[in-house]
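Numbering of ligands and ligand atoms starts at 1, following listing order.
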Amino acid sequence: MSLADKNIIIGISGGIAAYKIPLLIRLLKKAGANVQVIMTQAAHSFVTPVTLATLSGNPIITDFIKNKEGEWQHHVNLALWADLMIFAPVTANTLAKMASGQADNFLLAVYMSAKCPVMIAPAMDLDMYAHPATKKNIEILQSFGYHIIPATEGELASGLIGYGRMEEPEQIYQEIETFFKKKTDLKNKKVLITAGPTYEAIDPVRFIGNHSSGKMGIALAEAAAERGAEVILILGPTHLEAKHPNIKTVRVQNAAEMLHATQQYFPESDITIAAAAVADFTPVNTS
Ligand SMILES: Cc1cc2nc3c(=O)[nH]c(=O)nc-3n(C[C@H](O)[C@H](O)[C@H](O)COP(=O)(O)O)c2cc1C
């Protein structure tokens, strides 16, 4: 089974597409995954906890407190249990809270405590999806290294036609399966990558440099991180940057700094890729 023993949290927020989540749960369970569903209060209007609990084999969680005796749901333990959190559907409201780091419900508290990868499948009406605030929030979440499953085009619950439909459960399932397949092969490996140009100062204004953008080295770093590696990226002066949370970027300016940083991280790295365009000459004296 392709997802045997994978622990997956599905976060459901209050969108009409929540009615499709039982199918996603069935697909994940069939593939051997352990599934825990967390719903926002608003999500209860769109799909029943009984259906979700029956299919997932676990009680649904919405509140911090379990019962009148004050027993609490341990959001930190649950967050650390997960190999993946998938938010489907995610509303404009929950998206905004995730981007700004609010934790005013159980789902968001688990999200803020999680160390695992996060996938997000937004679903909302045409204008909500097109709103600059939503676009900005999706960009912010992307910059955290989360995997966005974009909404698709079609007829929406309001009757309008356009972008905003949650991706179909079968497709979301495929993305999850692909994600787990490709993630493992560089796990526990340390990868050192140098990228970008170096600037060798002639004086405080002029330098010897080159046109390297660092794009290739950054792409290599992103690909290695995506496959589970812990990446050190030694990056020369460029406006580009790596976004994946498993990439630690060390910024350097000139060849001597790049050499020093590389020597520091090289002994502990399993793989080293020297993709930087290091300058061939450096002035002996700078004025
Ligand atoms: C019938 C109905 C359908 C809704 N569908 C969506 C939706 O698809 N996407 C969305 O962002 N909000 C939708 N909403 C609004 C959310 O339910 C509302 O913003 C809620 O506060 C979201 O709370 P949550 O993010 O905590 O789940 C809908 C509301 C209603 C009444």
At a 4.0 angstrom heavy-atom cut-off, ligand 1 is contacted by Ser13, Gly14, Gly15, Ile16, Thr40, Ala42, Phe46, Thr91, Ala92, Asn93, Thr94, Ala123, Met124, Met128

>> I'd like to know if the side chain of Asp63 reaches the main chain of Ile65, judged simply by a donor and an acceptor atom lying under 3.5 Å from each other, with no hydrogens or angles considered.
In response: no

Item to check | Chi angles and distances behind the side chain to side chain contact (heavy atoms under 4.5 Å, CB included) call for Leu192, Ile234 | outcome: CA-CA 8 Å; Leu192 172 64; Ile234 299 175; 3.6 Å; yes

Exercise. Does the separation of the ring centres of Tyr146 and Phe87 fall below 6.0 angstrom?
Worked result: no

Does the side chain of Lys248 come under 3.5 Å of the side chain of Tyr265 through a donor N or O and an acceptor N or O? yes

Sequence neighbours excluded, the answer for ring-ring contact (aromatic ring centres under 6.0 Å, His included) partners of Phe46 is none

Point to revise | Electrostatic pair Glu168-Arg165, nearest N-O below 4.0 angstrom | key: yes

